[in-house]
Amino acid sequence: QVQLVESGGGLVQAGGSLRLSCAASGRIFSINAMGWYRQAPGKQRELVASITSRTSTNYADSVKGRFSISRDNAKNTVYLQMNSLKPEDTAVYYCYCNANRYSGGYYYDYWGQGTQVTVSS
């Protein structure tokens with residue numbers, strides 16, 4: 001199986017910073033992409049940032065210039081550096097990994113359990 005373990009969430013004041021980490025483990029042949037979604041109460045889950053194995057990145061417009069995604073392929077780990085945090089960034093952040101488990105296998109999405117990020121005014 002593939003498991004994703006997240007860390008780094010917490011409570012910060014507006015303008016502060018946090019860094020989220022997510023490490024994938026288990027039977028992994030190849031990772032196509034990793035990234036982060038977030039979901040606030042009463043709102044739909046939205047993509048925050050993603051990064052492919054070729055280091056192509058994608059960001060939600062609301063976080064561009066403030067958040068930065070990076071990865072360490074050797075450790076199957078993805079990071080999300082969050083700066084200049086705003087109250088509207090408050091949400092549960094979910095890590096995902098798009099990976100296959102054997103050569104030629106289908107690429108599935110695997111999810112972490114989520115980590116709470118709370119930004120006070």
Side-chain angles (χ1 to χ4, degrees):
Q1 68 276 20
V2 177
Q3 293 184 332
L4 279 67
V5 179
E6 303 179 32
S7 63
L11 172 65
V12 297
Q13 294 281 342
S17 298
L18 286 173
R19 190 169 93 142
L20 306 183
S21 299
C22 176
S25 63
R27 185 170 181 171
I28 300 171
F29 182 80
S30 181
I31 295 176
N32 179 57
M34 299 184 77
W36 300 87
Y37 279 75
R38 68 185 180 187
Q39 188 167 29
K43 297 184 66 178
Q44 191 173 3
R45 184 177 296 188
E46 64 175 349
L47 177 67
V48 178
S50 63
I51 185 167
T52 71
S53 60
R54 304 292 186 183
T55 71
S56 296
T57 59
N58 185 51
Y59 296 94
D61 288 341
S62 60
V63 307
K64 287 181 179 178
R66 300 188 298 118
F67 291 11
S68 180
I69 189 170
S70 61
R71 63 175 174 82
D72 184 338
N73 284 344
K75 297 181 178 180
N76 289 337
T77 299
V78 65
Y79 307 92
L80 186 67
Q81 179 66 46
M82 305 185 294
N83 299 323
S84 302
L85 283 161
K86 303 175 180 180
E88 48 264 47
D89 295 318
T90 296
V92 177
Y93 285 69
Y94 296 92
C95 172
Y96 79 90
C97 171
N98 183 252
N100 63 359
R101 300 173 68 235
Y102 56 91
S103 180
Y106 188 79
Y107 283 82
Y108 292 96
D109 287 335
Y110 302 91
W111 293 88
Q113 290 184 284
T115 184
Q116 177 71 47
V117 172
T118 302
V119 184
S120 61
S121 300

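Quick note: numbers below take in every heavy atom, side chains included, and nothing from hydrogens, waters or symmetry partners. What you see is a predicted model, and the numbers here were worked out from it, not measured in a lab.
Tyr102 and Tyr110 fall into different hydrophobic clusters, where Ile, Leu, Val, Met, Phe, Trp and Tyr side chains are chained together by heavy-atom contacts under 4.5 Å. Linking ILVMFWY side-chain heavy atoms closer than 4.5 Å, directly or via other members, places Trp111 and Val92 in a single hydrophobic cluster. A continuous path of hydrophobic side-chain contacts links Val117 to Met34 [ILVMFWY only; heavy atoms under 4.5 Å]. Tracing side-chain contacts under 4.5 Å through hydrophobic residues (I, L, V, M, F, W, Y), one reaches Val119 starting from Met82; they form part of the same cluster.
At least one donor-acceptor pair under 3.5 Å links the side chain of Tyr59 to the backbone N or O of Ile69. Judged by distance alone, with hydrogens and angles left aside, the side-chain atoms of Asn100 form no donor-acceptor pair with the main-chain N or O of Tyr107 at under 3.5 Å. For the pair Asn32 (side chain) and Asn98 (backbone), a donor-acceptor distance under 3.5 Å is absent. Between the side chain of Arg19 and the main chain of Gln81, no donor-acceptor pair closer than 3.5 Å is present. Under the 3.5 Å distance criterion, the side-chain polar atoms of Ser62 are left unmatched by any main-chain donor or acceptor of Ala60.
One finds the CG atom of Asn76 at 3.5 Å from the CD1 atom of Ile31 (value rounded to the nearest 0.5 Å). Here the SG-OH distance, from Cys22 to Tyr93, works out to 14.5 Å after rounding to the nearest 0.5 Å. Expressed to the nearest 0.5 Å, how far CD of Gln1 lies from CZ of Arg101 amounts to 7.5 Å. In this structure, CZ on Arg66 lies 10.0 Å from OG on Ser17, to the nearest 0.5 angstrom. Taken from OG1 in Thr90 to CZ in Arg38, the straight-line distance is 9.0 Å, to the nearest 0.5 Å. Note that CD1 of Ile51 is 8.0 Å distant from OG of Ser56, once rounded to the nearest 0.5 Å.
The environment of CD in Gln39 is crowded: more than 12 heavy-atom neighbours from other residues, nucleotides or ligands sit within 6.0 Å. For Gln3, the CD atom sits in a loose shell: 12 or fewer heavy atoms of surrounding residues, nucleotides or ligands are nearer than 6.0 Å.
In summary, Lys64 and Asp61 engage in a salt bridge, as defined by a charged side-chain N under 4.0 Å from a carboxylate O.
A centroid separation of 6.0 Å or more is found between the aromatic rings of Tyr94 and Tyr96.
Contact between Cys95 and Val78 at its shortest, heavy atoms only, is SG-CG1, 3.8 Å. Scanning both residues, Val63 and Val48, for their nearest heavy atoms gives CG2-O, 3.7 Å. Taking every heavy atom of both residues into account, Ile28 and Ala24 meet most closely at CD1-CB, 3.9 Å.
Checking Gln13 against Ser120 by side-chain atom types alone, a donor-acceptor pair falls below 3.5 Å.
When each of Leu20, Leu18, Asp89 is tested with Phe67 by the rule side-chain contact (heavy atoms from CB on, under 4.5 Å), just one qualifies, namely Asp89.
With a 6.0 Å cutoff to the six-membered ring centre and a 45° limit on the axis angle, Arg45 does not count as a cation-pi contact of Trp36.
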